[in-house]
Amino acid sequence: MIKLSGISKNYENFSLKDISLEIQKGEYLVILGPSGSGKTLLLEITASLEKPHAGTVEGVDSSKIGFIYQDLMLFPHLSVFDNIAYGLKMRGMETSKIREKVLRCSKDLNIEALLDRSVKTLSGGEKQRVAIARAIVFEPELLLIDEPTASLDQKRKSEIHRIFRKIHKKTNATVIHVTHDFNEALSVADKIAVLNNGKLVQYGYPEEIFNTPADSFVADFVGYRNVYSGRIEENCFISGNIKIYLESENMEKAYIAIKAEDTIVSLDRIDSSAKNSFEGVITDVEKKLNGYTVVVNAGFEIHCAITASSFENMELSSGMKVFITFKSSAVMVFCH
Amino acid sequence: MKNIFVVLGAVIVFFILFPLVGMFFSVSPQELFEAAFDAEVTSSIFLTLRASLWATIAAIILGLPLAWVLVRLDFKGKKLIEGIIDIPVIIPHTAAGIALLSVWGRHSFFGRTTGISIIGTEIAISVAMFFVSVPFLINSLKSGLKLIDPKYEKVACTLGATPFKAFMTVTLPMLKRHLLSGSIMMWARGISEFGAVVVLAYHPMIAPVLIYDRYESFGLSHAKPVAVLLISVCLLIFTVLRIIGERSRYD
């Protein structure tokens with residue numbers, strides 16, 4: 001287990017304030033926060049690359065850390081092979097063993113054809129894979145990942161997420177992954193810690209973070225309010241009694257998210273092409289800047305955004321019976 | 001405007017080139033040949049190249065850490081130290097020679113306590129060259145280091161390198177081009193030094209002192225072939241080094 005206790009560090013324009021976290025062995029933790037919230041610094045402190053002004057880091061063997069930086073920082077004067085081999089060389093491994101390990105790792109990441117190339121000639125996605133290979137080839141116990149997909153398009157992002165999940169499953173390394181992208185967090189995280197202005201504002205399972213945000217910052221930042229975990233079978237999401245229609249391949253474990261804005265609240269059942277329609281009772285009403293969020297218990301809790309005028313026309317209040325409708329295409333799926 | 005600027009620029013180029021070309025043409029091949037086989041001339045040219053090389057090597061060993069400290073660390077008095085390093089460039093070199101004499105001379109504290117005097121030796125020549133030319137190397141290393149993201153060293157450390165190994169295996173190879181060009185600049189500046197060297201060591205005579213000596217004793221016609229020979233040797237060496245440097249940039 002990795003234990004950060006009371007980590008603080010002050011810089012002129014930002015600081016980390018009293019951060020405490022416990023990360024179980026083999027857990028995949030995503031630290032989610034806007035840029036400038038001190039995420040990278042927290043990683044560097046965990047890796048003992050930076051010293052905190054206060055607080056301690058326990059349970060980290062600094063010789064068994066793989067660190068993937070946002071800007072990758074591949075060594076430009078070395079070939080792809082020598083970049084990947086660097087950590088093994090520094091550990092004094094024999095040349096033949098280095099070769100074997102680099103080959104195996106590059107095969108796993110599908111970059112074995114690039115080994116003799118200069119890193120300057122690689123594409124963005126290729127560089128990403130080389131940086132990953134360099135960080136995992138010596139089988140670290142702790143993998144630290146800093147904003148890995150910031151510069152990639154959606155397709156490449158999903159590819160990299162898949163790679164991280166695969167690595168995590170295969171090596172059972174503990175992973176701390178920093179990002180500002182909540183889609184990314186849902187794609188990979190076992191647990192999420194939300195950081196704002198150098199402060200840890202919430203820490204928990206993805207459903208907790210998205211559905212019961214600790215404060216308005218978390219709620220605004222994470223964007224979604226309706227996140228559920230379960231399995232997907234034949235275009236149907238199943239979790240306990242919930243059954244939601246969507247379009248997706250089968251998955252053993254998945255997160256789904258429905259934006260509060262994508263739901264329709266009505267007093268009577270609507271006949272429409274939308275496949276998902278649930279009857280429920282309003283349990284809570286939240287006033288928002290541009291309308292209301294109505295919390296409905298329909299066997300599961302769902303947040304629905306409606307405009308102020310609709311809210312007033314329908315004279316909604318807690319305890320009322322309503323119908324919730326949304327299209328199956330409004331359900332976002334995150335493979336896990 | 002373009003034409004005027006080209007013409008004004010050409011004035012500088014000709015200003016530099018004209019005396020040099022003129023001197024080359026005023027020396028007959030026979031005179032040059034004689035100078036090249038004059039043992040005093042060749043040994044003084046070798047001495048010049050060698051002494052400046054020692055100074056440059058010493059400056060690389062001491063200058064790399066200094067440049068790293070100045071670029072990578074933040075501390076009070078950094079600007080002052082950077083200013084100190086530039087002093088040799090702005091003071092008259094004969095004055096630099098006198099200042100060095102007061103530290104390294106026979107009657108200096110160092111000379112009196114150790115009984116050792118370097119005055120009039122090859123070491124004294126290297127010391128004088130080091131003093132006047134080391135800013136060129138340090139400044140080149142500094143501008144090179146500023147271009148290298150310190151994160152590379154951090155990454156190397158996460159991969160198991162000690163900070164020193166990270167510097168040697170990552171930063172230094174990336175600094176290669178600036179190290180080479182700074183060393184060439186320093187070496188060249190050392191070879192061309194006269195003022196500081198002549199105060200510390202008139203003998204053994206380095207080439208610039210020999211040229212001055214021949215001019216004073218025998219006149220222009222005896223000084224010129226030596227000057228042309230020295231310039232030719234320098235141009236040849238620096239052209240070769242430049243080519244090597246350009247290659248390393250593109251590989």
Side-chain angles (χ1 to χ4, degrees), chain A residues 11-12 40-41 43-51 60-79 82-93 98 102 118-121 130-147 176, chain B residues 60 64 67-69 71-79 140-184 241-251:
Chain A
Y11 274 110
E12 259 173 49
T40 303
L41 183 61
L43 281 191
E44 292 190 334
I45 287 173
T46 310
S48 0
L49 291 171
E50 291 283 341
K51 279 202 178 77
V60 176
D61 178 348
S62 59
S63 68
K64 288 174 181 160
I65 295 177
F67 200 133
I68 301 169
Y69 272 94
Q70 176 176 7
D71 16 22
L72 307 179
M73 304 315 264
L74 295 177
F75 302 133
H77 61 293
L78 297 179
S79 67
D82 287 330
N83 261 280
I84 301 174
Y86 188 89
L88 300 172
K89 277 184 191 154
M90 289 300 130
R91 283 167 172 74
M93 199 176 270
I98 290 178
V102 172
S118 155
V119 296
K120 289 180 213 161
T121 63
V130 174
I132 295 171
R134 184 177 65 174
I136 64 166
V137 69
F138 50 88
E139 291 154 19
E141 287 176 357
L142 174 63
L143 191 58
L144 303 172
I145 306 173
D146 185 11
E147 297 270 4
I176 306 179
Chain B
I60 291 171
L64 274 169
W68 187 88
V69 167
V71 173
R72 291 285 193 260
L73 304 184
D74 264 325
F75 55 90
K76 262 192 193 147
K78 189 158 126 174
K79 281 267 174 291
S140 173
L141 290 177
K142 266 169 57 191
S143 55
L145 268 174
K146 277 181 193 157
L147 296 175
I148 300 173
D149 194 327
K151 258 202 256 170
Y152 283 113
E153 283 175 40
K154 274 190 187 173
V155 170
C157 289
T158 68
L159 293 168
T162 59
F164 180 68
K165 257 198 163 160
F167 177 80
M168 295 303 282
T169 55
V170 174
T171 310
L172 195 54
M174 287 166 75
L175 193 61
K176 191 170 64 178
R177 208 158 52 79
H178 279 88
L179 176 63
L180 189 66
S181 67
S183 303
I184 292 173
L241 289 175
R242 263 282 162 82
I243 292 168
I244 294 172
E246 286 296 308
R247 260 204 210 144
S248 76
R249 185 201 300 211
Y250 293 112
D251 68 27

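Just so it is clear: chains get the letters A, B, ... in the order the sequence lines come, proteins before strands, and each one is counted from 1.
Nearest heavy atoms, A:P76 versus B:Y152: CD-CE2, 3.8 Å. Looking at every heavy atom in both residues, A:R91 comes nearest to B:L159 through NH1-O, 2.8 Å.
Your options are B:C157, B:P173, B:A166, and the one with the most heavy-atom pairs under 4.5 Å with chain A is B:P173. Of the residues considered (A:L78, A:L49, A:L144, A:V137), A:L49 shows the highest number of contacts with chain B, using heavy-atom pairs under 4.5 Å.
Within the 3.5 Å criterion, the main-chain N or O of B:T169 finds a donor-acceptor partner in the side chain of A:H77.
Contact check for A:Y86 versus B:V155: no side-chain heavy atoms found under the 4.5 Å cut-off.
Summarising the local packing, CZ of B:F164 is surrounded by 12 or fewer heavy atoms from other residues, nucleotides or ligands at distances under 6.0 Å.
Taking CG of A:L142 as the start and OG1 of B:T158 as the end, the distance is 11.0 Å to the nearest 0.5 Å. B:K154 contributes atom NZ, which lies 8.0 Å from atom CZ of A:F67 (distance to the nearest 0.5 angstrom).
Salt-bridge formation is not detected for the pair B:K151/A:E44: no Lys NZ or Arg NE/NH1/NH2 atom is positioned less than 4.0 Å from an Asp or Glu carboxylate oxygen.
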